[in-house]
Visitor: 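Below is one structure. I have some questions about it.
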Protein chains: 2
Amino acid sequence: MRADARRNLDKIVTAAAAVVAERGIEAPMEVIARRAGVGVGTLYRRFPDRNALIAALGDHYVHSLADALRRSEENVPDAWTALREHLTWTVDPGRGALASAMAELPDEVFLDRPDFARARGHWLEMLDALVHRAQAEGAMRPDVTTEEVLALLNLFACHPADLPAAVAARPARFLRLILDGLQATAATEPPTAPA
Amino acid sequence: MRADARRNLDKIVTAAAAVVAERGIEAPMEVIARRAGVGVGTLYRRFPDRNALIAALGDHYVHSLADALRRSEENVPDAWTALREHLTWTVDPGRGALASAMAELPDEVFLDRPDFARARGHWLEMLDALVHRAQAEGAMRPDVTTEEVLALLNLFACHPADLPAAVAARPARFLRLILDGLQATAATEPPTAPA
DNA sequence: CCCTAAGCGGAAGGCTAGATTCCGGTTGTC
DNA sequence: GACAACCGGAATCTAGCCTTCCGCTTAGGG
């Protein structure tokens, strides 16, 4: 592969991640190309269709998800805090709707990409384990399932353009509000200080 | 207005409310017409453009919102419970994305419809008062603004199709999870019983 | 330095989905 | 019974994207 071609490939992936984070998984191919400073033709030469591009992105993203989760678990002793830290990472602007993109992924994307599916499954398992641990440690209300936590997370993840402006502006703040409600008791840690 | 015309008008408004609740404010006109058992032509004769239809719906909805809020305040002594009851009403399936529709409303819709704007403002004021009262009563964390409560509510209100399936299936459950986090202390009322 | 194949950009063509118009055929109402 | 008000929905028009294609450019081996 020629040097300039590789350069462009990188630019495309970077741009695609950004655009998908901002506009969701259905962002027009042309917007991505333009953002990468490249013609649509170049984009299509590299990725025969949208799914190929999304899969490339997803592969990337899912791995960093798993890494981030592992990192949180290592740095933070208690499960609840680790969970909160990880979810906050997830919601970071710039990562934006990527999590959503992963959630929305049509099945076709996974066909012929077992590695991707596996990596995603791995992350889900780790998350599930963390939730259970947090509950076992008594830091998290026990009547909430991992699936529900994910659903709550995905609330942030509908098409970015449709998010309430306030939430889009300060996702971490709102995530925090929501997570506070998942604690076993607010007494353990009183709500963030009164204004 | 001929009797059959009036009948159709009613059918259209009813159908539109249902469809908008399900598919959001941008639901195709034809879907609405079909649901009303009417041709598109009839729809357009009655409402020259989408905004006219939405405004009619909004007018309706905003008044029932205000009524519902007033009712909650009357039936329930403490502000926090009243607030929770009202928000739950809002999120009821069948009302679905109507609240969202109201949130997304482009400004044009309000032009030449000062009554509508006023009614909407009135509801917002009542809600704000209720929030302040709940906080004064010590039942709600004081660092949360009414605007934030609305944003949280609107999280349910992005295009219904984009909602995480789990949330769409049990909106009240998720609203409850979120609202629990807004309480002053979980100690006041422990989280819903362990599974 | 030159030649050639790899690369490139973006105009052109095609498609889908939905908005809107229009008019021949119906149906209340007086 | 006559006529104006109403209907339904086919036909038309748009807008927004996807995807292909091809003439021009450029990296990089010889």
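These numbers come from the heavy atoms of this one structure, side chains and all, not from hydrogens, waters or symmetry mates. Quick note on labels: first sequence line is chain A, next is B, and so on, each numbered from 1.
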Visitor: Any ion pair linking Arg7(A) and Asp10(A) (charged N to carboxylate O, less than 4.0 Å)?
Guide: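 The answer is no: the pair does not qualify as a salt bridge.
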
Visitor: Report each atom pair, protein N/O against N/O of nucleotides 19-23 of chain C, whose distance is under 3.5 angstrom.
Guide:
{"unit_1": "dA19(C)", "atom_1": "OP1", "unit_2": "Arg50(B)", "atom_2": "NH1", "d": "2.7"}
{"unit_1": "dA19(C)", "atom_1": "OP1", "unit_2": "Arg50(B)", "atom_2": "NH2", "d": "3.4"}
{"unit_1": "dA19(C)", "atom_1": "OP2", "unit_2": "Met29(B)", "atom_2": "N", "d": "2.9"}
{"unit_1": "dT20(C)", "atom_1": "OP2", "unit_2": "Tyr44(B)", "atom_2": "OH", "d": "3.1"}

Visitor: Verify the contact: side-chain N or O of Arg46(A) to OP1 or OP2 of dC8(C), cut-off strictly under 4.0 Å; return yes or no.
Guide: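 Indeed, a polar side-chain atom of Arg46(A) lies that close.
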
Visitor: Is a donor on one side and an acceptor on the other found under 3.5 Å between the side chain of Arg113(A) and the backbone of Ala55(A)?
Guide: no

Visitor: At their closest point, which heavy atom of Asp49(A) faces which heavy atom of Met29(A), and how far apart are they?
Guide: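 Smallest heavy-atom distance, with atoms named: C-CE, 4.2 Å.
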
Visitor: Nearest-Å distance, CZ (Arg7(A)) to P (dT26(D))?
Guide: 12 Å

Visitor: Hey, does Arg6(A) reach any base, or is it just sugar-phosphate, or nothing, if we go heavy atoms under 4.0 Å?
Guide: nothing

Visitor: Round to a whole Å and report the spacing from CG of Asp10(B) to C1' of dC6(D).
Guide: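 Spelled out: CG on Asp10(B) to C1' on dC6(D) is 16 Å.
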
Visitor: Nearest whole angstrom, please: distance from the P of dA5(D) to the CG of Asn8(B).
Guide: 17 Å

Visitor: Roughly, in whole Å, what's the span from CZ in Arg34(A) to P in dC8(C)?
Guide: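 Taking CZ of Arg34(A) and P of dC8(C), I get 17 Å after rounding.
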
Visitor: If you look only at pairs with a residue in residues 29-42 of chain A, which of them pass as a side chain to side chain donor-acceptor pair (under 3.5 Å), with sequence neighbours excluded?
Guide: Glu22(A)-Arg35(A), Glu30(A)-Arg34(A)

Visitor: Between dA5(D) atom P and Leu9(B) atom CG, what is the distance in whole Å?
Guide: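 Distance, rounded to whole Å: 17 Å.
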
Visitor: Once you round it to whole Å, what is the distance between P of dC6(D) and CD1 of Ile12(B)?
Guide: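 Computing the Ile12(B):CD1 to dC6(D):P distance gives 12 Å.
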
Visitor: Measure centre to centre between the rings of Phe174(B) and Phe156(B), then say whether the value is under 6.0 Å.
Guide: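 When the ring centroids of Phe174(B) and Phe156(B) are compared, they turn out to be at least 6.0 Å apart.
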
Visitor: Minimum heavy-atom separation for Leu179(A) to Arg84(A), with atom names?
Guide: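 Heavy-atom minimum between the residues: CD1-CG, 3.4 Å.
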
Visitor: Give the rounded distance in Å between these two atoms: CG of Leu43(A) and P of dC17(D).
Guide: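 From Leu43(A) CG to dC17(D) P: 15 Å.
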
Visitor: Without decimals, in angstroms, what is the distance between Arg2(B) CZ and dT29(C) C1'?
Guide: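 Interatomic distance, CZ of Arg2(B) to C1' of dT29(C): 8 Å.
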
